[in-house]
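A quick write-up on the structure given underneath.
Remember, it's 1-based here, ligands and their atoms both numbered in the order they're listed. We count residues from 1, following the sequence as given.
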Amino acid sequence: MTQPLIPIDQCPIQIEDDRTGTNVETLKRAFADNLFYLQGKYESLATQDDFYMALAYTLRDRLLSRWLKTTKTYMEKDVKVVYYLSAEFLMGRHMGNSLINLHLYDRVRQAVEESGLDLDEILEHEPDPGLGNGGLGRLAACFVDSLATLEIPAVGYGIRYEFGIFTQAIRDGWQAEVPDKWLRFGNPWEIAHPDQAVEVKLGGHTEMYHNEKGEYKVRWIPANRVVGIPYDTPVPGYDTNTVNPLRLWRAEASDDFNFDAFNAGNYDGAVAEKMRSETISKVLYPNDNTPQGKQLRLEQQFFFVSCSLQDIIRTHLLRHPSLHNLHDTAAIQLNDTHPAVAIAEMMRLLMDEHEMDWNTAWRVTQKTFSYTNHTLLPEALEKWSVGLFEYLLPRHLEIIYEINRRFLEDVKRWYPGDDNLISRLSLIDESGEKYVRMANLACVGSHAVNGVAALHTQLLKQDTLRDFYRLWPGKFINKTNGVTPRRWILMCNPKLAELYNSKIGEGWLKDLSQLKQLEKYVDDPDFCQQWREIKLHNKRQLAQYIWEHNGIEVDPHSMFDIQVKRIHEYKRQHLNLLHIIALYNQIKQNPDQHIVPCTFIFGGKAAPGYFMAKLIIKLTNSVADVINHDPDVRGRLKIVFLNNFNVSLGQRIYPAADLSEQVSTAGKEASGTGNMKFAMNGAMTIGTLDGANIEIREEAGEENFFLFGLTAQEVADTKAKGYNPRDYYSSNPSLKAVIDRIAAGYFSHGDKELFKPLVDSLMYHDQYMLFADYQAYVDCHKQVSKTYSDQDKWTRMSILNALRMAKFSSDRTIREYCNEIWNVQPVPIEMEEYSQENA
Ligand code: GPK
């Protein structure tokens, strides 16, 4: 007879258990124990990697009791859960975050030091998990942090890519992509749950049949099946017991499916087929703001959606007899249209696998889903060819056609005779080759649709999604983005956090509006002095990094003018370059004139297939080569391109910035979130009235923001009138001199061909209107330099910026989603004494 196991939370608690205890001695013992038993190493033979792994397990152990208690509480209380579906989660490193959220930073540092090691070195050893491209993926990461901190039951669902975003190397000034093998040494933060694997079907055909009740039903006979294995990573809240899961799916071949092929003697063929299934979760597509219309990408989207919905349904059915009330236990958020096929998959699961009728299934689906749009660029709206859809998801295409038929029937009744309206609203684009429009599917199948900044939502309503807004004005709602102050202030700028703590305690970390109390210090010379010292300290650290990685010496007292983000023409990194070249031209004309010493720092990845973006990187490095080495410049201008911009590099960069470049063409950047990270760390913004810049300026006060450029309306009007960039070129000598210098091959050893595509694109199209904004931008920079020369004034502006960014905490954003879209409440997790006591 076997004894039943004692549930872990009923075991007698040993206060200083090796896996939960948090005093320094226990931490040292646990660390040594993990090194020996998990890494299999004596300390004398251990590598940095072993130390990192041993420490990571030590921390994961300390998260587990809260994690399991969280899951248990959600099950017992039968709470409503937010399911955040996202093809990308750009989490950044876990170790520092766990140390902070477990309140273990100081004790672990001591334990590590007493073991003769350096915590910073260990922290640096963690690979940066880059399972995303840029803003959209990082937003998902900030959101799961805030959800856990606000004690909201939530699961992040996505894909466990074996290769994340490529590592960017710079060779001869060009971007080169190196595969990101982030799992090489194993991933200590995740726990696999093969017991909860689910099966996903692909391809094949459908057929009709009669069920036992004599009803007509449809059955999907797939050509292939793959298995999704869930890997869970703990997402701890700050200063709470809540630990929510990030559940990422890995694709594996189904074992039994090719049984016949195996038996027929086609062993190698069957194994090859198996490998094909496993490529589904191999690699993240490295595109930002442009879809990649590849079959494998649609397979990825469907794969993680199907796994996640089956998981959600299974969870619901553990506590409820039917799925009629799914919307009472689940709020599913679609992070852009990448998971939008979920609308059709939910309908299929409810009808074909759970016997629900169409009308009920549709009601449940609409009440469960909501959709976030992240872009206004028309070319970025996802569409899939009907042929591909039918080949891969034949049942879903049928369902989409039926959703469309019913939807367009309604529209015809509401707006009789408006055929253009019908063709614009249709889920199928029939203007040429037929496509499924994923944004239309997401709008129709959701009860709420949101943009990510006020201007963005307004433009969605009046432009991109105007026909849907006309049908359902109440569905549209704005949710301005935010970022987590834990990672983006406390972790990345500990000295600034320390200054805040010394004045008002730590409450600001969960309520950023408390920083407003510090405004009274803006005229306190001591406080201002400390503020400047912190900035200088951060700049010195970045200067050191630049020296080590780029071999460029930069002056920490120069103004750090920084633009880091994905490289895209609409983000206009090249406008920044035009300004730098204009400054250089001034120096060449008169080397003795006074200019404010300035370090221009760039960073960001280009999509590997985006030629113009890659050319912009090359131009940046070429301009840097010339200007950094020109003796006339006398070091007053330095240009640095930092390779491989990612979350951890961002953590070094934002705190060191004086000036944040947010210069997209108005109406193109949905929100931006880097703009928020810079401002929270005391950088001034030079920016257009685009995305969240508008709201940042509102919060900071217009006198504390360097504004330039056309408004979104002016951009549209100028375009409508017929924009001709050459008019600006011929009438503006400064602009002409800049363009001529590039065109003449000055930055390319006389080669006039190299940058010709960029020059021509500006001269003959200038889709993003750099020329129209050029003079305003240059003039605005003059204003910046003048202000920077008055350090007292600059400090004051910098302080007010940082203290007024409360709105841009992702806690505020998530509270709004909870109240206005998801209808979910916090569920505090009660813990036994021991973890509290040691916290
Ligand atoms: C938008 F459409 C997309 C995309 O494919 N990837 C991506 O990162 C960004 N985004 C927007 O470009 C940003 O303006 C926005 O702040 C961010 O999503 C988060 O909403």
Checking heavy atoms under 4.0 Å, the part of N287 that sits near ligand 1 is neither

With heavy atoms and a 4.0 Å threshold, my read on which part of V452 contacts ligand 1 is side chain

Per-residue contact class, S671 against ligand 1 - non-hydrogen pairs under 4.0 Å:
both

Purely on distance, is any nitrogen or oxygen of K571 under 3.5 Å from one on ligand 1?
no

Numbering as shown, the atoms of ligand 1 that approach G672 to under 4.0 Å (heavy-atom distance)
13 (C), 14 (O), 15 (C), 16 (O)

Which of the atoms of ligand 1 are close to Y570, meaning less than 4.0 Å from one of its heavy atoms?
12 (O)

Centroid-centroid distance, Y817 to W822, less than 6.0 Å
yes

Atom 14 (O) of ligand 1 - nearest protein heavy atom and its distance
E669 OE1, 2.6 Å

Within 45 degrees of the ring normal and closer than 6.0 Å to the centroid, is that where the cationic atom of K510 sits relative to Y238?
no

protein heavy-atom neighbour closest to atom 5 (O) of ligand 1 works out as N289 N, 2.9 Å

Establish, for the pair R160 and Y231, whether the NZ or CZ atom is under 6.0 angstrom from the six-membered ring centre and no further than 45 degrees off its axis.
yes

Aromatic ring proximity H568/Y610, centre distance under 6.0 Å:
yes

Do me a favour and list the nearest non-hydrogen protein atom to atom 9 (C) of ligand 1 with residue, atom name and distance?
L136 N, 4.0 Å

